[in-house]
Chemist: 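I'd like to ask some things about the structure below.
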Amino acid sequence: MTVTTPPVAHWADVLTLRDEVRQTEGSVGELQMSLAKAVYQTVPVPYADCGYYTDITQPTPKLVGFLGRVARRLGVSHLDTQACFHLDQGMGGGKSHALVGIWHMISRPDAFFAAELGLAVSAEAGARQHAVDLSRVLPVILTCDGMSPGKIDPRFGPATDLFGRFLWLLFADSQNRMDRYQHYSGLGANKVTLQAAFAEVDRPVLVLVDELMDYAMALTDESAIGGMPGEQAFLNALTDAVDDQAGVALVIVMIRSEEDQSGYHPAAVAFRDYLSPRLQRNGETVTVTEPSDFAQIIRRRLFTQAKTDDAAISVASAFTAAGHQGAWKDQVYMPLGSKRTLVGLSERVAETYPFHPDLFALVSKEWTVVQAFQRVRSTVSIFARTALFWSDEHKAGRWAPALIGVGDIPLHTSALEALLSSGVLAGNDRAIQGYRAVATTDIVNTGAGGGTAFVLDAALKASGVDAGQPVPALRMGTACLAYSLVPRPRAVRGATKAELLAAVAGPGVDYSAAEEVFNALVASPAEGGLGALERSRPGRGPERFYLSIKQTLNMYHANALSMVSGEESVDTVWVRAQALAEKHSFSALHKLARHEYEVSAAAAFAGLDSQQTRLVVLDPRRWTLLNGRDQATRADIDVAYGISAGLPSTFAASMVMAVATTQRRDRAKAFARDYLAWNQVVAQLAEDSEELGAARERRDQAGRKLDEAVAWAFQHYAFVLRTDSGLAVQYKTLPEPQTSLSGRYVWAALVTDGRAVQTNQLSAEYVAQLITSGQYGRDLTPKELFAHPYSDPTWPLIQTDEEMRLALFKLATSDEWMLTDSDGVEIRPATAAQIQSATLQQQLRPRVLLAPPEQRSGEEADAAHSRAASAAVPERISGCGSPTPGSPAVPVQAGRVTEPSFETTVISIPLASVTDPAKREQVWHLLREVASLVDPVKSNQNNLQMVGLQITISAATGETQGMLGKASQVPGSNSRTEQDDL
């Protein structure tokens, strides 16, 4: 059954293909613009004509903004504006197109500014109501992909390097050109020379350096590499001179190495790394296209300008109405996801007309992930052949799609080769051959007349299936191929049923008929279905269908590698670093990630300050050391430690940072890319695949290598130290194969550095030395002492507070130190647990010991008494922080020791059970205090005169033998043992 809908204007009647599209049978001639060809006219190209260039160029915001800023710099006098511009996108990013636009803008300003593009640029350049005059601009165009270092070129006179060629072009209009060239050549390629040269010509100057990395690669040749330092020096001076010279603009095209599939010699990479920060310092990095411009650029490149709003709205309304009929909405549009439902379809069609939004989404968001696929150039090549084919079909009175969709690439024409050679398969020759074979066998033969899907359409028609179009199986099979070329988001393969049905959806299409086509297409080969079709069901998602070419694991891996971006790789390095990090000896582990947007160092490190030892692992996407690019990292760390202003830090002394090495991080990034690629391969393979086990093994092996590389990358650790000049960050390197991601290795290194102590190795003597040498000028409280290892870089780091507690206990119970309360009364703790870490009401102070009076001279005694009185050190002793009734005391009065008075203390405890642990501990404390009183070591500290004991103990037979033996050694003691009836 065919559903009738109101007729709408066909896109082939609304839009007219450009002449060059038809004349070249869809190849569109020279899609890649060349600045050299436009400037030097070595080869006749249509875009050398200003009128043609402006007609095919969509005035996108970024392109207009870039040209406008260049025009303002060159054409507005005495206005301090941006001088340096760096274009670094990959192939097909629109750089050459923009450069040709600059050339037309300064060489033919009248024609350029009369066009739509020029009017937009003029408005941008004069946005601040300034007159823009480009009539006197002097161009200095250095097309580096067309010159050789060290070789003479007729275009540049005697010059053989960039500096000389620059001078030769700068003085092109001078009557004494050779004289001026020789004069400035003799002065050398420095900033002063360049500024003087600019001042002499006294005109606005555009310096345009195109494809600089091609020249850098030529410099790496053995015969030319000696000239590289000189070329770097010139370019460095040029960026500075241009920035300081009004009316002079510099545009440099220097592609990022990761955006070029061919790769670069290490010396060329070093050349780029040298120049990039100088361009950033004196200018800005510019992009001239963005994804939202894609559809408009393609449409303008293929079709002459026309109003399409009404036609787009009309066809979108027809698609929306058809989508609400039958089961289309519930079975197709809803399962496609929120961004592809009928809601908002009109807006999406208006953006991509005459192409279906699904086709643009596939190409612009999924195919362009493959670095070899050039967003504009490759798409124009495919879309031009597709649009030409269907335009001719419509004009011949045959059926053509109302919107060109995913299933409408005519694989039986040259569009197939345009697709396979577009870079979407990343140059994988075996994959290209495989998909060529699948397309011609399972879809349609070259020139039509065969192919599984083509034959299936005839069979369906003969059986009475009417899907409102002549070749629904062919369209659906083509869509399946298009969706199978690259791994899709979340590493899935192929298309869902809903996506394949959507490829044939539209006005007049019955759902049940379309579903019959789908069922026939995915049937077994024996039943007439596609022979290369495979199925998979990833996780809990819908079943997916894809065309397989039976690649080897290495082929899958090579294709997957092209899909992994550098940003995704370095993100994985950070993910693995977090998983590998462990605190071990540290109290806390912090994994400090960079923010999604750039924030200050103070904001990045906020919240890390605390009274505990912390190992802070820094995200290598922002912070790395060495390789000559770590100034920002070091500056941020200075802020984190409170050395530079911005972030108060009380406990910076106990924070240690683990930092990656720049070069090693990049190596780990390469391993991450390999691991992610194998991960994609595993995701692509079906569960019953014979190669799945091998793929998983290689993925796991890559994962292990990644973890080793990530651990190896974290080679450094940093901590703060107090030097003679103040606080300073110390950067240390761990020996192989240790990693700063491990708290165990870092702590051991800190111990070696003298910055930490081993477990339970904090001695009381060391703490006493730190207190004495600290020159604090007062007695310290326990709270201060417990804080020092965390706040004072001169104290060592400790693993737990218990180590400090034990050391202070040993000091407080020693002969040299004592713990007193706020009244100066000594507190003698019975156990280390009684040392209170948070108290400010106690002090640790040196103990003042007085020799017996008979051993002192009069002056010594007076001096000793004076010191004792001034130190306010009473000799009264308590066991647990409070005085014990009846304990001996030596009163102090006016600096003199008075004669002691005596008292007799009798303690009687009735015989009672001590099976209760608490009761036993109480008796133990009493006996321990008695033992302390009669301790021979303290015979000079207390005035104990007499002692008498009566001890009655009921215990198991034989357990008191040791006590009886000791009693027999005391003169006058008596003891007896009796059998108990218990």
Side-chain angles (χ1 to χ4, degrees), residues 11 58 60 92 289-302 308 312 315-316 319-320 322-323 328-329 332-371 373-384 386-387 390 401-409 415 418-419 422-425 475-506 538 541-542 544-547 563 565:
W11 60 265
Q58 178 69 21
T60 59
T289 61
E290 55 186 340
S292 59
D293 306 328
F294 189 36
Q296 293 179 329
I297 292 173
I298 298 298
R299 182 164 58 212
R300 185 150 185 165
R301 193 70 178 84
L302 299 181
T308 61
V315 73
F319 267 78
T320 301
W328 285 107
K329 180 179 179 181
V332 176
Y333 289 103
M334 292 300 291
L336 287 176
S338 59
K339 296 182 179 180
R340 296 169 68 181
T341 62
L342 294 172
V343 178
L345 179 62
S346 296
E347 291 79 4
R348 299 199 302 275
V349 170
E351 292 177 357
T352 62
Y353 185 85
F355 301 97
H356 195 287
D358 285 355
L359 176 59
F360 255 99
L362 175 65
V363 174
S364 64
K365 296 179 181 179
E366 298 186 31
W367 288 2
T368 53
V369 174
V370 181
Q371 293 181 8
F373 185 86
Q374 298 170 26
R375 178 184 292 273
V376 175
R377 197 175 304 156
S378 297
T379 306
V380 168
S381 181
I382 298 168
F383 282 20
T386 300
W390 289 116
L403 289 172
I404 302 173
V406 181
D408 296 322
I409 300 174
L419 172 61
S422 66
V424 71
L425 296 175
R475 296 181 76 201
M476 205 176 286
T478 301
C480 188
L481 176 72
Y483 282 123
S484 301
L485 293 176
V486 300
R488 306 193 63 200
R490 293 181 293 276
V492 298
R493 292 295 302 272
T496 63
K497 177 181 178 180
E499 286 177 320
L500 293 179
L501 288 171
V504 300
R544 307 189 78 88
F545 305 87
Y546 63 95
L547 295 174
M563 303 293 296
S565 66

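Residue numbers run from 1 in the order of the sequence given. Values below: every heavy atom of this structure, side chains too, minus hydrogens, waters and symmetry copies.
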Chemist: Is it the case that the ring center of F319 lies less than 6.0 angstrom away from the ring center of Y333?
Modeler: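 Between Y333 and F319, the centre distance exceeds or equals 6.0 Å.
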
Chemist: Go through I409 and L481 one step at a time and tell me if the side chain to side chain contact (heavy atoms under 4.5 Å, CB included) criterion holds.
Modeler: CA-CA 10 Å; I409 300 174; L481 176 72; over 6 Å; no

Chemist: What I'd like to find out is whether the side chain of R475 reaches to under 4.5 Å of the side chain of P401, using heavy atoms alone.
Modeler: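 Answer yes - side chains close enough.
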
Chemist: Enumerate the salt bridge (Lys or Arg N to Asp or Glu O under 4.0 Å) contacts for residues 334-357, please, sequence neighbours excluded, ordered by first and then second residue.
Modeler: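 Every pair satisfying salt bridge (Lys or Arg N to Asp or Glu O under 4.0 Å) with a residue in residues 334-357: R340-D358, R340-E499.
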
Chemist: Working to the nearest 0.5 Å, report the span between CG of D408 and CG of L359.
Modeler: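 That separation rounds to 8.0 Å.
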
Chemist: Could you give the distance from NZ (K329) to OG1 (T341), rounded to the nearest 0.5 Å?
Modeler: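 If I round to the nearest 0.5 Å, the distance is 9.0 Å.
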
Chemist: Once you round to the nearest 0.5 Å, how far does CG of L342 lie from OG1 of T320?
Modeler: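 If we round to the nearest 0.5 Å, L342:CG and T320:OG1 are 6.0 Å apart.
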
Chemist: Counting C-beta onward and ignoring hydrogens, is there a side-chain heavy-atom pair between V369 and V486 closer than 4.5 Å?
Modeler: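 Counting from C-beta outward, V369 and V486 never come under 4.5 Å.
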
Chemist: Nearest 0.5 Å, what's the CG-CZ distance between L500 and F545?
Modeler: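 Here the rounded value is 7.0 Å.
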
Chemist: Any sub-3.5 Å donor-acceptor pair from W11's side-chain atoms to I404's backbone N or O?
Modeler: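 Absent.
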
Chemist: If you take all heavy atoms of S484 and C480, which pair is closest and at what distance?
Modeler: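 For S484 and C480, the tightest heavy-atom pair comes out as OG-O, 2.5 Å.
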
Chemist: Looking only at non-hydrogen atoms, find the nearest pair between T478 and G407 and report the distance.
Modeler: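 Where T478 meets G407 most closely, the heavy atoms are CB-O, 3.5 Å.
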
Chemist: Of the non-hydrogen atoms in S346 and A316, which two are nearest, and what is the gap between them?
Modeler: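 Taking S346 first and A316 second, the nearest heavy atoms are CA-CB, 3.6 Å.
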
Chemist: Any sub-3.5 Å donor-acceptor pair from R299's side-chain atoms to Y353's backbone N or O?
Modeler: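 Side chain of R299 to backbone of Y353: a pair is present.
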
Chemist: Between T352 and A295, which heavy-atom pair has the shortest distance, and what is it?
Modeler: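 Between these two residues, the closest heavy atoms are CA-CB, 4.0 Å.
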
Chemist: Count the heavy atoms belonging to other residues, nucleotides or ligands that lie under 6.0 Å from NZ of K497, then report whether that count exceeds 12.
Modeler: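 Yes.
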
Chemist: Write down the atom of V349, the atom of A312, and the distance for their closest heavy-atom approach.
Modeler: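 Minimum heavy-atom separation between V349 and A312: CG1-O, 3.8 Å.
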
Chemist: Compare every heavy atom of A415 with every heavy atom of T386, then report the nearest pair and how far apart it is.
Modeler: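 Heavy atoms only, the tightest pair is OG1-CB, 4.4 Å.
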
Chemist: Report yes if some heavy atom in the side chain of T496 is under 4.5 Å from a heavy atom in the side chain of P335; otherwise report no.
Modeler: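 The answer is no; the side chains never approach within 4.5 Å.
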
Chemist: Can you tell me how far the CZ atom of R493 sits from the CZ atom of R544, to the nearest 0.5 Å?
Modeler: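 That separation rounds to 10.5 Å.
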
Chemist: To the closest 0.5 Å, what do you measure between OG1 (T379) and CH2 (W367)?
Modeler: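 T379 OG1 to W367 CH2: 8.0 Å, rounded to 0.5 Å.
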
